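Data block below; observations after.
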Amino acid sequence: MFKNYILDILQKSLSKIGIEQREIIIEYPKNSDFGDISTNIAMQLARELKKSPRAIAQEIIDNLEYDANFITAVNIAGAGFINFKLGKSYFHFICENIAGFGENFGSSDFGIGKKAQIEYVSANPTGLLHLGHGRNAVIGDTLANIYKKLGFTTDREYYFNNAGNQMRNLARSIFARYHQLLGESDYPFPEDGYHGDYIIEIAQELIDLYGNKFAEDNTENLAFFQKYGEEWNFKRIKSTLERLNVFQDTYYNENTLYESGKIEQLLNELKENNLVYELDNALWLKLSQMGMEEDRVAVKSSGEPTYRLPDIAYHIEKFKRGYDEMVDIFGSDHIATYPDVLAVLKALGYDVNKVKVVIYQFITLVENGEQVKMSKRSGKSYTLDELIDEVGSDVVRYFFLMRGVNTHLEFDLGLAKEQSEKNPVFYLQYAHARICSIFQKAKEEGIYLSQNHYITELSEQIEFDLIKKIADFPEIIFESYKTLEPHIICDYLYDLAGIFHQFYHNCRILQESDPLRQARLHLANTTRITLKNGLQILGISAPEKM
RNA sequence: GCGCCAAUAGCUCAGUAGGAUAGAGCAUCAGCCUUCUAAGCUGAGGGUCGCAGGUUCGAAUCCUGCUUGGCGUACCA
C-alpha cells in the first residue's frame, strides 16, 4: 500500500526507456540517511542492459515523473540504489487512506470467489493431544484465518482414522489396565501399548460404570473398549482445541472412503492407468516411474491397504470438491510420505500445485535450561492441556507461532509463565490495552473521534514511522499467505507495538488541543485496529485493560 | 549407508528471486515515572553468519565437499 505510488512511477519511467513490465523490489533502507524508501532495480537491470547500474539509475530518474509534494528528493547512492525521500503529504495521504478502511483494515478481495481447504491436527483418537499437535493446530488455524482475511472461502478440516492397528492397540491397553484395576496386578500390558495415565482413567471409568462385566477377552468386549476409548479421547481432544480457540468445520473419517467405494474406485483407476503392478501378493505403486526413488506398496499381501491409498483417495475427494487451494499441515516425521501421494495424484492428472504442504519441525520443551521430555507412549507425557493450564491459551498460541515453521521450536516454559515485559505476548497486548485506555480516558473527558481526521496536522518523524508500519499490514498478511509462514505476522505486530510505544512516549495525545489531538487520536485508532486485526488472525485476545 | 531439514551475538531466533555498516528479543551494564498504563521508553557492549573451496563487480543468501545435530529411510500411520 505504501509502496504503490513509488512502484507506479518507477514502472512508468522504465517503460519510457523501453523496459517492459517487471517486478520491482522496493525496500525500506535500514539507514535513514538513505531516505524513506529505495529500490535496487538499476542493479537488477545492469547485467541485462550491459550498462553500469549508476548510469541506468540516472536514466530512470531522468524519466521519472512525480508529485513534488509526495517525493522531495531522489538520488543515487552506493552501487546504484535509487533512494527516495518522502514528503509529509505522502504520509498524510497514506494515513487518510488507511483510516478509510476502518475496522476492516487488512482484509482484501484477493481470494474472493476462491475456495480453500486447510487440513490440520488430524490426530487419531488414540490419546490426548501433545505439544506437537498443538503446533499443528495453531499453525493450521492461523493459516485458515489468513486465507479468510484474504477473502477465500475456507473449510477447516480434521481427518482421522478410527480403525486399524493403533486403535486395536488402544483397546488392548485399556483392557489391560481394566484387569489390573480389577485386582490382577500382574495382568500383562501390551508391549507397545499406550502408557499414559489417561488409559487408567478410562479403565477406571469403565469399572465405575460396569464393574467387571467386560472382563472376558473376546472381540465384542474389545470392540466396545475401542469405541469407548475413541469417544473418550475425541471428547478430550475437542475440548483442548476449543480452549486453544481452534474450531474445525468438518471431521472426515477415513472409513467413509471405504464405505463409499472411493478406495475401490481409486484402485481401478490406478490399474486402468497402469500405475500399479502385483508382486509377492502385494500391489505396488510404480513410483520409480514417477520420479521417485523406489516403488512402494499400496495394498499389502494381507489385503489391507497401506496409508497411501486412503491418503490419495482423500486428496482426490478434496479435488472433487473443487478447492482452488488445499493446505496440509504435517510434522517433520511425515516429510518422506507426502511426495509419494503427490506423485500419484499428478500421474492421475490432478494439478498438484493446488496442494500446499506445510512441514513444521518438532518442539522441545525447556524449563530452567533443562529439556522436559515428552513422548506419547511413555508414561511421562506433557499434554497440550497441561501446557494450556500452565500458561494460558494466548501464550501457547503465540509461542507456537512466533518461529518459522521450519525451525525447531524451543518452548521456554519459564519465559512463557512469566507475566512481564520479557514475554512478547504481553508486550503486544499491552500496546493494545494502552490505546484502549487512552480512549477510555478521552471518553471520560468528553473527547470523541471527529469525522474529519485532521491527518495533515501530523508532522513528527515517529508519527510517520508509525504510519509507514501500519501501511505494511496488508502486504504482511499477503506475505504470510504466500510463504505459509504465520510468524511473519508475529514479528510484524511486535515491531508495530514497539513503534507505537515510542510514539506514545514522544507524543502526547490528550494533552494536546484540537486539531492535533484529533489527528493523533485517529493515528492511535488505526494502530489499535491493526493490532486487533493482527491478533485476531493469530487467534490471540486483544484485551482492553491489563 | 541413503534421503530431507538445519547450523547466524552468551541464549532463543529473524534475515536467502545475491546488494548499502548482518538485525531483534532475552541476558549484562548505564539512564528515564508530580505528565494519556514503567507489562513502557532511551543508550552501551557483544559476530571468522559451522569449516574449506568455487561462481561474480558484490555471497549469511547460489554451487561442491566436509563436520555436527534433528527427522525419516516398513507389506506402521
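Per chain, numbering begins at 1; letters A, B, ... match sequence-line order. Everything numeric in this text was worked out from a predicted model, so none of it was measured.
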Item to check | B:G18 and B:A74, which share atom name P, separated by this distance in whole Å | outcome: 38 Å
Checklist entry - What distance, rounded to whole Å, do you find between the two C1' atoms, one in B:G40 and one in B:U8? => result 30 Å
Checklist entry - Nearest nucleotide by nearest heavy atom, which residue falls closer to the 5' end of RNA chain B, A:Ile509 or A:Val405? => result A:Val405
Next on the checklist: Can you work out whether A:Cys436 or A:Pro53 has the more 5'-proximal nearest nucleotide on RNA chain B?
Outcome noted: A:Pro53
Checklist entry - In whole Å, what separates the C1' atom of B:G47 from that of B:U64? => result 26 Å
Checklist outcome for this item: Given the 90°-from-0 boundary between syn and anti, B:A17 should be labelled syn
Checklist outcome for this item: Given protein heavy atoms under 4.0 Å, the one-letter contact record of nucleotides 72-77 of chain B, with B base, S sugar-phosphate only and - none, is simply S-SBSB
Next on the checklist: Under a 3.5 Å cut-off for both contacts, is B:G23 paired Watson-Crick or G-U wobble with anything, and if yes, with which nucleotide?
Outcome noted: B:C13
Checklist entry - Looking only at atom C1', what distance separates B:C51 and B:A6, rounded to whole Å? => result 16 Å
Checklist entry - Is the backbone N or O of A:Tyr448 less than 3.5 Å from a side-chain atom of A:Gln518, with the two atoms forming a donor-acceptor pair by type? => result yes
Next on the checklist: Taking the side chain as everything from C-beta on, heavy atoms only, tell me whether A:Pro305 gets closer than 4.5 Å to A:Tyr258.
Outcome noted: yes
Checklist entry - Which is true for A:Gln502 with a 4.0 Å heavy-atom rule: it touches a base, it touches only sugar-phosphate, or it touches nothing? => result sugar-phosphate
Next on the checklist: Assess the residue pair A:Asp472 and A:Tyr28 against the criterion (side chain to side chain donor-acceptor pair (under 3.5 Å)); give the C-alpha distance rounded to whole Å, side-chain angles, the decisive distance to 0.1 Å, and a yes or no.
Outcome noted: CA-CA 11 Å; A:Asp472 280 341; A:Tyr28 302 128; 2.8 Å; yes
Item to check | B:A44 - base-pair partner by Watson-Crick or wobble geometry, distances under 3.5 Å | outcome: B:U28
Checklist outcome for this item: ring-ring contact (aromatic ring centres under 6.0 Å, His included) with A:Phe160: of A:Tyr252, A:Tyr314, A:Phe234, only one passes, and it is A:Phe234
Checklist entry - Counting any heavy atom closer than 4.0 Å, what does A:Glu544 reach on the DNA or RNA strands: base, sugar-phosphate only, or nothing? => result base
Checklist entry - With sugar-phosphate meaning primed atoms plus P, OP1 and OP2, does A:Glu23 contact a base, only sugar-phosphate, or nothing at under 4.0 Å between heavy atoms? => result base
Checklist entry - Separation of A:Ile363 atom CD1 from B:C5 atom C1', in whole Å? => result 16 Å
Checklist entry - Between A:Arg434 and A:Phe500, is NZ or CZ placed under 6.0 angstrom from the six-membered ring centre and within 45° of the ring axis? => result no
Next on the checklist: Strictly distance-based, threshold 3.5 Å: is any side-chain N or O of A:Ser173 a donor or acceptor partner for the main-chain N or O of A:Gly193?
Outcome noted: no
Item to check | Nucleic acid footprint by protein, nucleotides 20-28 of chain B - heavy-atom cut-off 4.0 Å, B for base, S for sugar-phosphate alone | outcome: BB---SSS-
Next on the checklist: Rounded to whole Å, how long is the line connecting atom CD1 of A:Ile26 with atom P of B:G19?
Outcome noted: 16 Å
Checklist entry - Hey, does the side chain of A:Glu463 reach the backbone of A:Glu457 with a donor-acceptor pair shorter than 3.5 angstrom? => result no
Next on the checklist: Looking at A:Tyr120 and A:His133, would you say the former's side chain and the latter's main chain have a donor-acceptor pair under 3.5 Å?
Outcome noted: no
Checklist entry - When the distance from CG of A:Leu409 to C1' of B:G70 is rounded to whole Å, what number comes out? => result 14 Å
Next on the checklist: Taking the P atom in each of B:A9 and B:C5, what is the distance between them to the nearest angstrom?
Outcome noted: 22 Å
Checklist entry - Side-chain N or O of A:Tyr427 less than 4.0 angstrom from OP1 or OP2 on B:C41? => result yes
Checklist entry - Looking for any heavy atom pair under 4.0 Å, which part of the strands does A:Gly404 touch: base, sugar-phosphate only, or nothing? => result sugar-phosphate
Checklist outcome for this item: Among B:U42, B:A39, B:U35, the one nearest any side-chain atom of A:Phe426 is B:A39
Checklist outcome for this item: For B:G50, the nucleotide meeting Watson-Crick or G-U wobble distances (both under 3.5 Å) is B:C66
Checklist entry - Can you tell me how far P in B:A59 sits from the matching atom in B:G53, rounded to whole Å? => result 14 Å
Item to check | A:Gln44 side-chain proximity, nearest of B:C5, B:G40, B:G19 | outcome: B:G19
Item to check | N-glycosidic conformation, B:C33 - syn within 90 degrees of 0, else anti | outcome: syn
Next on the checklist: I'd like the C1' distance from B:U34 over to B:A39, given in whole Å.
Outcome noted: 22 Å
Checklist entry - Taking atom P of B:A39 as reference, at what distance in whole Å does atom CG of A:Asn423 sit? => result 14 Å
Checklist entry - Side chain of A:Asp36, backbone of A:Leu86: donor and acceptor closer than 3.5 Å? => result yes
Checklist entry - In the structure shown, which nucleotide is the Watson-Crick or G-U wobble counterpart of B:C33, with both distances under 3.5 Å? => result none
Item to check | Length of the CG-C1' vector between A:Asp394 and B:A39, whole Å | outcome: 14 Å
Item to check | Interatomic distance where CG belongs to A:Asp340 and C1' belongs to B:C4 [whole Å] | outcome: 13 Å
Next on the checklist: Measure NE2/A:His408 against C1'/B:C4 and give the value in whole Å, please.
Outcome noted: 11 Å
Checklist entry - Would you call A:Asp514 and A:Arg517 a salt bridge, using N to O less than 4.0 angstrom? => result yes
Item to check | A:His432 (side chain) donor-acceptor with A:Ser541 (main chain) under 3.5 angstrom | outcome: no
Checklist outcome for this item: Separation of B:A7 atom C1' from A:Glu410 atom CD, nearest Å, is 15 Å
Checklist entry - Partner of B:G72 by Watson-Crick or G-U wobble geometry, both contacts under 3.5 Å, or none? => result B:C2
Checklist entry - What integer number of Å spans the C1' atoms of B:G31 and B:A20? => result 32 Å
Checklist entry - So what does A:Ala433 hit on the nucleic acid, given a heavy-atom distance under 4.0 Å: a base, only sugar-phosphate, or nothing? => result base
Next on the checklist: Does A:Cys507 reach a base, just sugar-phosphate, or nothing at all? Heavy atoms under 4.0 Å.
Outcome noted: base
Checklist entry - Thinking salt bridges, do A:Glu230 and A:Lys227 make one under a 4.0 Å N-O criterion? => result yes
